[in-house]
Amino acid sequence: MSISRAATGGMLLCRAEPLAVRPPAHLLRVRLLLAPAGEWSVLVPEDKPWRDGPESVTEVLAGWGSALATGTGRPVLSLWWEAGRTGFALAGGFRRTIAYAWDAAGRPAGEPDALRALSARLGLDPVLDLEELERLARADADPAVDGEARLLALVALLVRAGLRLPPGLAPGEPADRLRGAARVAPGVETLEWSGRRDAIRAGLDAMERGPLGPWVRGPRARLLGAAHVAAGAPLLAWAAHRRSPGWAAAGAVLVAQGAASLAYDRARTPRRGPSDGPDHRPRRRDRRRA
């Protein structure tokens with residue numbers, strides 16, 4: 001595949017489903033196209049912030065990737081290309097970001113162990129896949145293979161890790177052509193910043209989908225909230241009778257936490273309307289006789 005030397009652009013590959021990627025992606029406050037890509041999700045920017053801003057395409061995508069990895073808790077691979085140069089940055093939450101690049105002639109530039117770390121973090125085959133990755137790091141392996149071809153080879157290798165890019169979404173394409181292909185990708189959706197309300201909603205969604213989600217909303221959250229109220233109310237009454245400010249404060253905190261948890265669960269749970277299903281409430285017996 002031939003790629004224009006003047007092409008500049010990039011994409012983000014997150015090893016998570018779009019449902020998990022959407023909330024933290026909203027917090028980036030940029031227009032993005034989000035589409036499923038097999039066991040991954042792909043994000044393509046609608047705009048070109050690197051064109052007029054102080055940061056290069058490499059820095060912009062690496063920053064977005066770090067934010068997404070922190071929000072999803074899953075690896076995010078940022079791919080970029082500019083004037084024949086190509087590269088990637090792998091972010092993994094709070095782990096150190098790995099970066100690697102190739103120039104137009106295919107000469108590598110980066111830490112020697114970067115590709116080995118990439119293989120380990122993505123769970124690739126430690127023998128076969130790692131051997132192919134290390135071949136991409138040797139400039140003398142095939143002098144005819146330039147940096148653009150090496151980036152395409154890296155993406156092709158990720159197919160073994162469940163990556164299935166939608167048709168037309170290939171690294172190295174001009175940003176406009178890449179965006180056009182993303183708009184018609186199956187299951188694509190547009191993410192757009194709409195203000196503070198979206199940020200709050202996205203943050204709440206991310207929290208509820210995290211490890212503590214069942215204790216924030218749902219049956220467990222309601223049970224925990226009720227337990228706090230049940231424990232705090234008697235403690236508060238006992239402390240008032242004994243005139244103990246310390247225990248009174250502890251009881252008040254328990255009651256407040258329980259009440260807040262119950263109120264949050266009620267506010268975030270959709271209410272059933274008349275058309276949602278049959279009404280199973282007990283009906284009053286009709287005492288009139290025929």
Side-chain angles (χ1 to χ4, degrees), residues 1-15 25 28 30-35 37 40-69 75-91 97-111 114-115 118 122 132-133 135-139 141-159 161 163-183 185 188:
M1 179 179 178
S2 177
I3 302 172
S4 172
R5 296 279 183 178
T8 299
M11 64 174 66
L12 298 166
L13 303 176
C14 182
R15 200 170 192 182
L28 296 178
V30 294
R31 287 175 56 87
L32 294 167
L33 295 168
L34 171 65
W40 298 58
S41 297
V42 57
L43 296 107
V44 175
E46 279 269 28
D47 303 317
K48 305 172 185 177
W50 52 83
R51 184 175 57 185
D52 301 320
E55 295 181 316
S56 65
V57 60
T58 311
E59 296 169 328
V60 170
L61 291 175
W64 291 352
S66 297
L68 286 176
V76 176
L77 189 64
S78 308
L79 306 180
W80 60 268
W81 49 93
E82 183 177 20
R85 297 179 61 251
T86 61
F88 70 83
L90 178 65
T97 299
I98 302 169
Y100 205 80
W102 296 273
D103 64 13
R107 290 185 292 265
E111 300 180 13
L115 294 176
L118 172 73
L122 296 183
E132 293 191 26
L133 283 174
R135 188 179 298 114
L136 297 177
R138 296 198 300 269
D142 188 351
V145 179
D146 56 14
E148 298 158 346
R150 293 177 190 268
L151 184 62
L152 289 172
L154 171 63
V155 173
L157 184 62
L158 294 180
V159 171
L163 177 65
R164 301 290 187 275
L165 284 176
L169 282 183
E173 292 287 351
D176 294 337
R177 191 182 304 170
L178 194 73
R179 183 172 59 249
R183 285 175 176 170
V188 68

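No experiment lies behind these values; they were computed from the predicted model shown.
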Visitor: For the pair Arg15 (side chain) and Leu122 (backbone), establish whether a donor and an acceptor sit closer than 3.5 Å, ignoring hydrogens and angles.
Guide: yes
Visitor: Return the minimal non-hydrogen interatomic distance between Ser56 and Trp50, and the atom names on each side.
Guide: C-CB, 3.8 Å
Visitor: Rounded to the nearest 0.5 Å, what separates atom CZ in Phe88 from atom CD1 in Ile98?
Guide: 7.0 Å
Visitor: Heavy atoms, side chains only, cut-off 4.5 Å: are Leu118 and Leu115 in contact?
Guide: yes
Visitor: When you measure from the side chain of Thr86 to the backbone of Gly147, do you find a donor-acceptor pair of N or O atoms at a distance under 3.5 Å?
Guide: yes
Visitor: Mark yes or no for whether Trp81, through its side chain, and Glu173, through its backbone, hold a donor-acceptor pair below 3.5 Å.
Guide: yes
Visitor: Would you confirm whether Arg31, through its side chain, and Glu46, through its main-chain N or O, come within 3.5 Å as a donor-acceptor pair?
Guide: no
Visitor: What's the verdict on side-chain contact (heavy atoms from CB on, under 4.5 Å) for Leu90 and Val76, showing C-alpha distance, side-chain angles and the deciding distance?
Guide: CA-CA 6 Å; Leu90 178 65; Val76 176; over 6 Å; no
Visitor: Which heavy atom in Ala170 sits nearest to a heavy atom in Leu178, and how many Å separate them?
Guide: O-CD1, 3.6 Å
Visitor: Let's go through Leu12 and Leu68 carefully: what are the C-alpha distance in whole Å and the side-chain angles of both, what is the deciding distance for side-chain contact (heavy atoms from CB on, under 4.5 Å) to 0.1 Å, and is it a yes or a no?
Guide: CA-CA 9 Å; Leu12 298 166; Leu68 286 176; 3.7 Å; yes
Visitor: CG of Leu133 to CG of Leu154: how many Å apart, nearest 0.5 Å?
Guide: 6.5 Å
Visitor: Considering non-hydrogen atoms only, spot the tightest contact between Arg183 and Val188 and give its length.
Guide: O-CG1, 3.4 Å
Visitor: Might you point out which heavy atoms bring Val155 and Pro171 nearest each other, and give the distance in Å?
Guide: CG2-CG, 3.5 Å
Visitor: Show the numbers, then the answer: is there a side-chain contact (heavy atoms from CB on, under 4.5 Å) between Trp80 and Met11?
Guide: CA-CA 7 Å; Trp80 60 268; Met11 64 174 66; over 6 Å; no
Visitor: Using atom types as modelled and distance alone, determine if a side-chain donor or acceptor of Trp64 lies under 3.5 Å from a backbone N or O of Val30.
Guide: no
Visitor: Got a salt bridge between Lys48 and Asp176, using NZ or NE/NH1/NH2 to carboxylate O under 4.0 Å?
Guide: yes
Visitor: Within the distance-only criterion (no hydrogens, no angle test), does the side chain of Arg164 pair as donor or acceptor with the backbone N or O of Val159 below 3.5 angstrom?
Guide: yes
Visitor: For the atom pair CD (Glu55) and CG (Leu61), what is the distance rounded to the nearest 0.5 Å?
Guide: 10.0 Å
Visitor: Restricting to non-hydrogen atoms, name the atom on Pro166 and the atom on Ala37 that form the minimum distance, rounded to 0.1 Å.
Guide: CD-CB, 4.3 Å
Visitor: Determine the minimum heavy-atom distance between Trp102 and Leu136, stating which atoms define it.
Guide: NE1-O, 2.9 Å
Visitor: Quick one: pull up CG in Asp103 and CG in Asp146 and give me the separation to the nearest 0.5 Å.
Guide: 9.5 Å
Visitor: Please evaluate residues Val42 and Leu169 with respect to the criterion side-chain contact (heavy atoms from CB on, under 4.5 Å), reporting the C-alpha separation (whole Å), side-chain torsions for both, the decisive distance (0.1 Å), and the verdict.
Guide: CA-CA 9 Å; Val42 57; Leu169 282 183; 3.9 Å; yes
Visitor: OG/Ser41 to CG/Leu13 distance, rounded to the nearest 0.5 angstrom?
Guide: 9.5 Å
Visitor: Nearest 0.5 Å, please: how far is CZ in Arg107 from CZ in Arg150?
Guide: 10.5 Å
